[in-house]
Amino acid sequence: MGSSMFSILILVLLFAVMYFLMIRPQKKREKETKAMRASLAVGDEIVTIGGLCCKVVKTKDESIVVQVGPDKVKMEFMRWAVSKVVKQGSGHVEKASVDDFDEVADAEKKEARKSKPKRMKKAAVVEEVEEAPEVVEEVKEAEEAVVEEAAAAAEEVAEVAEEAAADAE
C-alpha cells in the first residue's frame, strides 16, 4: 500500500511541476499578448505575424486598418494578426539615428527627380549612360548573344518544319 501511495504522489508532483514550468508561463504570455492587442491605438507601429511592418491608421472592435509602405496603401487586419508593437504612437519621442537622415536624404533626391522637366530628365539619363560605358558594353554583348540564340532557334525550327514536310509527303 505504501508503494502505491508513493507512485501516486510522484504523479501528482510531476503534474505540479509541469503546471508551474509550462502551463502557467504560457497563459501569462497569452494574457500579455491579448492586453497588447487590445491596447492598440492610432499611430502605433506594429509587426504582423506575417512579418509586415505597418502603422495603425484606424481601430475597430475586431480589426485594425493599417498603412504600409511609402505609397501609404491601407489594409485591414484582424487584431489577432498583430505580433508585436514596435513603437507607441503618441507621447513617445525617439532620438533620430543616422539611418533616419539617410532615408530623408533619399526621399529628397526622389522628390528632386520628380520635379524636373522631361528634357532635363532625359539629359540626366544620357549623362548616366555616358558615365557607365562598361554597362553599355555588357548590354550590347547580351543583345548580340540573344540575337545569335534566336537565329539558332529559327534554324532548328526550319529544320523540324522541313522534316515534317518530308514525312507528310
Side-chain angles (χ1 to χ4, degrees), residues 9-143 145-146 149-150 153:
L9 184 63
I10 288 178
L11 283 175
V12 169
L13 285 175
L14 182 64
F15 282 120
V17 168
M18 293 268 289
Y19 175 77
F20 282 107
L21 291 180
M22 295 177 65
I23 298 170
R24 190 169 172 228
Q26 181 180 358
K27 287 191 179 202
K28 185 178 178 183
R29 280 192 302 273
E30 287 176 4
K31 190 175 181 182
E32 290 172 355
T33 304
K34 189 174 182 179
M36 178 266 304
R37 290 176 180 159
S39 68
L40 287 175
V42 174
D44 289 351
E45 292 185 16
I46 62 170
V47 176
T48 65
I49 57 175
L52 189 67
C53 299
C54 44
K55 186 176 183 179
V56 177
V57 177
K58 183 178 179 183
T59 60
K60 298 180 181 179
D61 289 337
E62 293 293 319
S63 63
I64 56 173
V65 177
V66 297
Q67 99 183 6
V68 181
D71 295 335
K72 298 184 179 179
V73 176
K74 293 182 181 174
M75 298 187 301
E76 186 172 359
F77 284 99
M78 301 303 293
R79 284 186 184 263
W80 57 262
V82 176
S83 173
K84 65 180 177 178
V85 176
V86 177
K87 185 168 45 170
Q88 296 292 325
S90 59
H92 184 70
V93 178
E94 229 179 81
K95 292 183 179 179
S97 66
V98 174
D99 294 333
D100 295 336
F101 292 118
D102 291 340
E103 290 174 10
V104 170
D106 291 340
E108 288 174 354
K109 287 179 184 177
K110 287 180 183 177
E111 189 63 35
R113 280 189 224 144
K114 289 180 183 176
S115 63
K116 289 182 182 177
K118 286 184 181 178
R119 66 176 179 232
M120 290 184 75
K121 286 182 184 177
K122 289 179 184 176
V125 170
V126 170
E127 288 174 4
E128 289 176 6
V129 170
E130 290 174 353
E131 291 173 0
E134 58 273 349
V135 173
V136 174
E137 295 286 331
E138 291 175 6
V139 169
K140 286 181 181 178
E141 290 173 5
E143 183 180 5
V146 168
E149 289 176 12

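Scope of the values below: all heavy atoms of this structure, side chains included, with no hydrogens, waters or symmetry mates.
Partner of Cys54 under the side chain to side chain contact (heavy atoms under 4.5 Å, CB included) criterion, chosen from Val82, Val68, Val86: Val68.
Residues Val85 and Glu45 form no side-chain contact, since every pair of their non-hydrogen atoms from C-beta on lies 4.5 Å or further apart. Ile64 is listed as a side-chain neighbour of Ile46, based on a closest heavy-atom distance under 4.5 Å. You'll find the side chain of Ile49 reaches within 4.5 Å of the side chain of Trp80, heavy atoms only.
Under the side-chain contact (heavy atoms from CB on, under 4.5 Å) criterion, Phe15 pairs with no residue at all, not counting sequence neighbours. Applying the side-chain contact (heavy atoms from CB on, under 4.5 Å) test to Val73 and every residue at least two apart in sequence or in another chain returns Asp71, Met75.
Val47 approaches Cys53 most closely through the heavy-atom pair CG2-SG, 4.0 Å. The shortest heavy-atom contact between Ser39 and Asp44 is O-OD2, 4.2 Å.
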Inset, instruction - Under the side chain to side chain contact (heavy atoms under 4.5 Å, CB included) rule, what do Arg79 and Leu40 come out as? Steps first, then yes or no, please. - result: CA-CA 9 Å; Arg79 284 186 184 263; Leu40 287 175; 3.7 Å; yes
Inset, instruction - Step by step, work out the side chain to side chain contact (heavy atoms under 4.5 Å, CB included) result for Val65 and Phe77. - result: CA-CA 6 Å; Val65 177; Phe77 284 99; over 6 Å; no
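Applying the salt bridge (Lys or Arg N to Asp or Glu O under 4.0 Å) test to every pair with at least one member in residues 20-39, sequence neighbours left out, gives no pairs at all. Judged as a side chain to side chain donor-acceptor pair (under 3.5 Å), the pairs with a partner in residues 49-69 (not counting sequence neighbours) are, in order, Lys60-Glu76, Ser63-Glu76.
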